[in-house]
Protein chains: 2
Amino acid sequence: MANQPATTHGPRERILAAASALFYRHGINATGIGEVVEVAGVSKRTLYQQFESKDELVAAYLRRMTESGRLLDRRLDRTELAPGERLVALFERPGAAFRGCPMHNASVELTEPAHPGRAVIHAYKQGFLDRLVDTARQAGAADPEELGHRLFVLFEGATALATSINDPAAFDYARPAAATLVGQALTAE
Amino acid sequence: MANQPATTHGPRERILAAASALFYRHGINATGIGEVVEVAGVSKRTLYQQFESKDELVAAYLRRMTESGRLLDRRLDRTELAPGERLVALFERPGAAFRGCPMHNASVELTEPAHPGRAVIHAYKQGFLDRLVDTARQAGAADPEELGHRLFVLFEGATALATSINDPAAFDYARPAAATLVGQALTAE
DNA sequence: TTTCTGCGGTACCGATCGGTTTCCATTCGG
DNA sequence: CCGAATGGAAACCGATCGGTACCGCAGAAA
């Protein structure tokens with residue numbers, strides 16, 4: 001009876017998959033519930049018994065983006081590289097369908113401060129920063145906090161600019177800049 | 001008779017002022033025409049004889065943002081500073097009501113590639129980059145193109161991150177990073 | 001005063017929004 | 001073979017969207 005184990009392709013997962021693609025590609029505010037149910041092959045009724053509201057669906061979408069690693073920050077986990085190399089490898093060009101960081105894009109669209117998605121965005125950004133600082137520490141940076149924060153800004157810039165000008169070449173300029181910042185942080189005593 | 005010189009506070013200017021504040025604060029898609037005319041103290045009729053459509057109003061809003069310097073890139077014009085200092089001064093904290101770069105925010109919201117605003121965004125970003133490269137050249141950078149592009153990414157990151165985490169402290173991390181990049185570009189031979 | 005024009009107010013249009021409800025075909029346990 | 005639960009299709013709801021049409025008032029021109 002009842003709810004699929006959620007690991008299989010039950011209706012909830014189909015809805016989330018459809019919503020993720022549409023929200024990311026066309027924007028959150030520009031995507032109607034009707035579009036989501038059509039792509040998911042699901043009725044509105046089913047959607048609304050899985051999610052309280054569109055706002056909650058958006059929050060679930062952001063949570064899904066955080067958890068199941070389809071984000072670029074995955075590159076920090078490449079243990080075959082030295083920590084310092086990982087910090088630079090983060091800046092390799094993303095794939096073609098790239099349209100910026102879904103978290104940041106959502107924060108631009110969701111101006112309502114009480115939106116349930118905002119907490120997810122904030123938590124993600126904090127977690128990403130923590131991992132950057134941690135990797136900077138592993139790399140032996142003189143001031144891991146400072147280096148982590150600087151790379152944080154630079155990475156956000158590469159993703160944001162790739163959106164603004166619709167060209168992932170931004171990463172090609174960010175990468176050597178990151179190498180410079182990392183190099184300076186490691187040689188400083 | 002008829003249309004005010006546009007330099008005065010005619011209806012067109014009032015509409016643009018209202019639209020600018022609302023589009024920037026609450027987002028473009030989240031702002032209805034009804035809101036704009038209410039704040040502007042103008043009838044819908046007047047709005048639609050000044051602007052063909054909402055899309056055109058959005059494009060005019062972006063054009064206005066480009067022209068009448070209320071954007072941070074104004075800091076590149078501070079001739080009392082040396083070019084190298086200007087490149088760093090660009091990263092001083094913005095004011096309190098800051099909510100990111102209006103151009104970038106619009107590019108996140110306007111996913112339609114044919115939207116008339118997209119050309120304005122692209123032109124602005126290109127112009128900003130050109131000025132960065134030019135200033136880098138004045139500063140005597142070994143590779144002005146490269147330094148300009150790197151600072152371009154870093155600056156976009158500071159503005160974007162200040163939006164994502166709702167905290168202008170991002171600029172405080174970007175500023176010394178910019179100083180590092182500038183310093184490296186000047187000492188390299 | 002008379003006339004014309006610009007403009008705010010407002011009713012209105014069809015479409016779409018987020019969300020609810022009804023109906024019916026399918027499926028599955030007993 | 002039956003009854004209950006599921007969920008897709010679709011009608012429906014009030015609100016709001018972008019955009020249009022009309023009314024009536026103001027002020028300048030004559």
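Reminder, nothing fancy here: chain letters follow the sequence lines and each chain counts from 1.
For A:S53, whose side chain is taken as the heavy atoms from C-beta onward, the closest listed nucleotide among C:dG19, D:dG7, C:dC7 is C:dG19. The side chain of A:Y48 lies closest to C:dG18 when the candidates are C:dC7, C:dG18, D:dG19. In the set D:dA9, C:dG18, C:dG9, D:dA9 carries the atom at the smallest distance from any side-chain atom of A:S43.
As rounded to whole Å, 17 Å separates atom C1' of C:dT16 from atom NE2 of A:H26. Atom-to-atom, CD1 of A:I33 to C1' of C:dT20 comes out at 13 Å; the value is rounded to the nearest Å. Counting to the nearest Å, the C1' atom of D:dA9 and the CD atom of A:E38 are 13 Å from each other. We find that CD of A:E35 is positioned 17 Å from C1' of C:dG19, with the value rounded to whole Å. In this structure, A:Q50 places its CD atom 14 Å from C1' of D:dG8, rounding to the nearest Å. Atoms CG (A:N29) and P (D:dC17) sit 12 Å apart, rounded to a whole Å. Distance CZ (A:R45) to P (D:dA5): 12 Å, rounded to an integer number of Å. Taking atom CD1 of A:I15 as the reference point, atom C1' of D:dG8 lies 12 Å away to the nearest angstrom.
Dashed line: the shortest gap from a side-chain N or O of A:T46 to OP1 or OP2 of D:dG8 is under 4.0 Å. For A:Q49, a side-chain nitrogen or oxygen approaches OP1 or OP2 of D:dG7 to under 4.0 Å.
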Review item, side-chain donor-acceptor pairs of residues 23-32 of chain B, under 3.5 Å, at least two apart:
from: B:Y24; atom 1: OH; to: B:R99; atom 2: N; distance (Å): 2.6
from: B:Y24; atom 1: OH; to: B:G100; atom 2: N; distance (Å): 3.2
from: B:Y24; atom 1: OH; to: B:G100; atom 2: O; distance (Å): 2.7
from: B:N29; atom 1: ND2; to: B:E109; atom 2: O; distance (Å): 3.4
from: B:N29; atom 1: ND2; to: B:E109; atom 2: OE1; distance (Å): 3.4
from: B:T31; atom 1: OG1; to: B:L22; atom 2: O; distance (Å): 3.4
from: B:T31; atom 1: OG1; to: B:G27; atom 2: O; distance (Å): 2.7

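Taking the six-membered ring for Trp and the full ring otherwise, the centers of A:F152 and B:Y173 sit at least 6.0 Å from each other. A ring-centre distance under 6.0 Å is found for A:F171 and A:F98.
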When you compare the protein's N or O atoms with those of nucleotides 12-15 of chain D, which come within less than 3.5 Å of each other, and at what distance?
none

Enumerate the protein-to-nucleotides 24-27 of chain C contacts in which both atoms are nitrogen or oxygen and the separation is below 3.5 Å.
none

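Both A:V37 and A:V58 sit in one connected hydrophobic cluster of ILVMFWY residues. Membership requires side-chain heavy atoms under 4.5 Å apart, directly or through other members. The same ILVMFWY cluster, assembled from side-chain heavy atoms under 4.5 Å apart, contains both B:F91 and B:M103.
If you check every strand for non-hydrogen atoms under 4.0 Å, B:V42 touches sugar and phosphate atoms only.
Panel note: side chain A:R150, backbone B:A174; no donor-acceptor pair is recorded below 3.5 Å. In this structure a side-chain-to-backbone donor-acceptor pair under 3.5 Å is present from A:R75 to A:E92. For B:H149 (side chain) and B:E145 (main-chain N/O), a donor-acceptor pair under 3.5 Å exists by modelled atom type.
Map A:R14 and B:G34 each onto its nearest nucleotide of DNA chain D; the residue landing nearer the 5' end is A:R14.
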**Prompt:** Step by step, would you call B:R12 with B:F51 a side-chain contact (heavy atoms from CB on, under 4.5 Å)?
**Reply:** CA-CA 9 Å; B:R12 186 182 174 92; B:F51 303 95; 3.5 Å; yes
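Checking A:R118 against A:S107 by side-chain atom types alone, no donor-acceptor pair falls below 3.5 Å.
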